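These notes concern the structure reproduced below.
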Protein chains: 2
Amino acid sequence: MGNSRVTLRRVAEIAGVSPATVSRVSRGTTPVSPEVRDRVLRVIEEHGYKPSHFGRALAERRHGALGLVFPGLSGPYFSELIQGFEAEALETGDSVLVLASHSRADTDATVLDLADRVDGMAIHGGTVSTDTIGKVAQQIRVVVMASEAGPAQASVSAANDTVKDLTRHLLVDHGYRRLAFVGMPDGSPDVTARWQAFLAAHKSARRKPPAEPIRVGLQQSDGAIAAEQLLDRDDRPDAVVCANDETALGLLLSALGRGLRVPQDVAITGFDDMPMAALVRPALTTIRQPIRELAATTARLLADPLDQPAGDIVLPTELVLRSSCGCGGVP
Amino acid sequence: MGNSRVTLRRVAEIAGVSPATVSRVSRGTTPVSPEVRDRVLRVIEEHGYKPSHFGRALAERRHGALGLVFPGLSGPYFSELIQGFEAEALETGDSVLVLASHSRADTDATVLDLADRVDGMAIHGGTVSTDTIGKVAQQIRVVVMASEAGPAQASVSAANDTVKDLTRHLLVDHGYRRLAFVGMPDGSPDVTARWQAFLAAHKSARRKPPAEPIRVGLQQSDGAIAAEQLLDRDDRPDAVVCANDETALGLLLSALGRGLRVPQDVAITGFDDMPMAALVRPALTTIRQPIRELAATTARLLADPLDQPAGDIVLPTELVLRSSCGCGGVP
DNA sequence: TTGTATGCGTTATCAG
DNA sequence: CTGATAACGCATACAA
């Protein structure tokens with residue numbers, strides 16, 4: 001199990017050619033005479049030669065890798081994001097190095113470390129300080145995801161203001177009186193934007209919004225925690241707008257488990273339109289965002305050699321009306 | 001935004017010392033006179049010198065990074081696994097590079113590529129072919145997770161045979177007659193072992209198990225898909241053993257959404273004991289496995305310089321009886 | 001304590 | 001088409 005790798009130079013010796021020629025054969029870039037090529041190829045095969053990444057990285061001054069930084073990666077959202085990113089990176093022959101900063105204190109240091117191993121980095125909104133993003137950006141190319149990044153960096157995000165349409169739908173079309181919002185704006189640019197849209201819809205409908213959101217995380221268990229604060233009291237809201245599908249599902253599960261009827265006793269909506277949203281009963285009313293496309297666009301921005309102008313790309317989202325808001329009668 | 005990094009040599013020039021001295025100061029390993037040290041340190045600070053990873057990696061012939069390979073990473077299970085792994089790697093100063101092979105065809109190639117960027121690799125069971133694992137193992141140190149790996153590799157997994165106790169509990173203590181198993185044994189060593197334990201419990205209780213499991217994946221939406229096959233027919237099972245909590249929760253949600261009572265109409269159990277299991281109503285009967293410890297043990301095996309004997313470490317698991325199996329009366 | 005010289009594995013430049 | 005030779009950025013015996 002030794003680390004006894006065969007080096008390029010060794011292959012050259014055995015094949016009786018110069019190191020340069022082995023490099024040429026190995027990379028297939030420059031023309032080499034068929035006979036020499038075959039001979040070298042055979043030696044490579046026999047001795048299991050594999051070019052060393054850092055040797056190549058050092059000489060080429062590029063890593064052939066892209067970094068992807070997340071706050072955490074539980075749930076289908078991040079899974080989808082990574083897949084979209086990897087699929088696109090594959091096109092350009094880049095590897096993907098994923099970093100899940102579980103809101104640890106040393107995240108910034110870790111990100112800086114990663115910056116040293118990749119040619120470009122996609123950073124999810126709310127993961128690292130803008131200060132650190134700046135530092136990374138002056139070293140390698142950076143694209144911010146799910147957050148508008150200001151003039152300095154390029155960014156790709158999805159339109160969160162559709163939450164305004166959703167909230168209006170609840171308020172006006174269905175006539176719900178007491179709405180609640182589940183999600184913690186602080187730290188997540190996406191949630192902040194959704195909470196703002198929720199507020200804006202109340203304002204334009206001349207209705208009084210709740211003073212505060214229910215501040216919980218974005219995982220399903222957080223939806224269950226929100227349920228304890230929301231469902232067990234007398235002035236239960238008659239409709240709840242959740243920051244994402246995960247929490248909406250957690251809330252839905254908790255509501256049903258308490259014997260409440262959805263949407264009759266309480267309406268519930270989400271954001272993302274993950275697979276589970278359509279499968280559950282009642283089917284979840286939500287907002288569809290093109291996660292894969294968001295990731296792919298980001299990867300493309302990172303890989304493309306031509307210098308795009310740093311700007312904010314905002315992908316469209318779509319309101320998906322199902323049963324959990326009260327549409328389409330009782331399922 | 002240029003890539004104009006300051007090199008060690010440049011720092012040496014500016015500070016008027018030799019490159020070696022800068023290296024010594026930078027690493028803080030060999031003693032250097034205070035005056036020189038301060039001078040060099042100041043230059044490093046002023047010019048923002050950061051040692052290059054590949055330069056160092058090339059010279060030291062190590063990357064200072066560990067690889068972590070997964071089939072996918074949706075859900076709390078993988079999230080927890082990564083956190084446990086990273087926390088431990090942090091101790092030894094290693095970075096963690098995560099690779100999520102979303103059951104793509106080119107996974108093996110990607111893994112081989114990663115093998116070139118790290119000093120050791122943890123591979124989750126059922127992710128890559130044993131053939132590829134072998135190749136990687138003769139290049140760097142490898143530990144297999146959640147799967148017993150045979151004599152060649154070290155492995156760390158959790159005891160799946162507790163599913164036998166769980167199944168017996170359902171069969172004997174509660175007297176359920178028709179059990180079903182949700183999960184796809186093929187491809188996941190963990191699920192295979194759980195299905196085997198499920199079968200074994202039937203055998204030792206002299207009861208006839210179902211001929212086949214409900215072959216779905218491990219995500220929550222798969223639980224909802226299983227529900228369609230399981231809950232809408234006349235000979236509905238009276239108890240369902242799910243391969244993990246995610247699918248159990250998906251099934252539970254679907255059951256409640258259909259107006260079925262749990263556990264009265266159908267009992268449901270899971271595996272993992274994720275946070276949501278205790279929060280949901282009815283609370284989920286499940287098996288607790290020490291995910292974090294599993295990950296930490298793996299990381300330790302990878303980092304430790306002393307050559308552990310390649311062997312299978314099996315961590316204990318614990319049956320957690322709650323309400324969804326019928327225990328403790330109706331919640 | 002500090003400097004010099006060499007090696008790490010590969011690519012790039014320039015002759016031939 | 002092929003071969004020397006010089007980077008690439010850093011660490012480390014060895015010498016001073």
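In what follows, every chain begins at residue 1, and chains take the letters A, B, ... in the order their sequences are listed. Since we're looking at a predicted model, the values are computed, not measured.
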Query raised in the report: Is it the case that more than 12 heavy atoms not belonging to Arg62(A) sit under 6.0 Å from its CZ atom?
Result: yes

**Report entry** salt_bridge(Asp113(A), Arg117(A)) N-O dist < 4.0 Å
**Finding:** yes

Report summary line: Exactly one candidate in Ile313(A), Asn160(A), Asp312(A) meets side chain to side chain contact (heavy atoms under 4.5 Å, CB included) with Glu148(A); the answer is Asp312(A)

**Report entry** Pairwise ring-ring contact (aromatic ring centres under 6.0 Å, His included) hits with a residue in residues 15-55 of chain B, at least two apart
**Finding:** His63(A)-Phe54(B)

Report summary line: Residues of residues 110-121 of chain B with a heavy atom under 4.0 Å from any atom of DNA chain D, listed by number, are none

Query raised in the report: Could you give all pairs that pass the ring-ring contact (aromatic ring centres under 6.0 Å, His included) test and reach residues 120-148 of chain A, with sequence neighbours left out?
Result: Phe70(A)-His124(A), Tyr77(A)-His124(A), Phe78(A)-His124(A)

Query raised in the report: Checking all strands, does Val17(A) fall into the base, sugar-phosphate, or nothing category for heavy-atom contacts under 4.0 angstrom?
Result: sugar-phosphate

Query raised in the report: Counting only heavy atoms not in Arg39(B), do more than 12 fall under 6.0 Å of its CZ?
Result: yes

Report task. Have a look at Ile123(A) and tell me which of Leu99(A), Val143(A), Val128(A), Thr298(A) forms a side chain to side chain contact (heavy atoms under 4.5 Å, CB included) with it. Result -> Val128(A)

Report task. Output every pair passing side chain to side chain donor-acceptor pair (under 3.5 Å) with a member in residues 20-30 of chain A, not counting sequence neighbours, ordered by first then second residue. Result -> Ser18(A)-Thr21(A)

**Report entry** Glu13(A) with Arg10(A): basic N within carboxylate O range, under 4.0 Å
**Finding:** yes

Distances under 3.5 Å only, N/O to N/O: pair up the protein atoms with those of nucleotides 6-9 of chain D.
residue, atom, partner, partner atom, Å
dG9(D), N2, Gly55(B), O, 3.2

Report task. Scan residues 23-37 of chain B against DNA chain D and write down, sorted by residue number, each residue with any heavy atom closer than 4.0 Å; if none is found, say none. Result -> Ser23(B), Arg27(B)

Query - Atom pair distance, as rounded to whole Å: CD in Glu13(A) and P in dA4(D) - result: 12 Å

Report task. Check Ala115(B) against Gln139(B) and note the closest heavy-atom contact, atom names and distance. Result -> O-NE2, 3.4 Å

Report summary line: Here the distance between atom P of dC8(C) and atom CZ of Arg10(A), to the nearest Å, is 13 Å

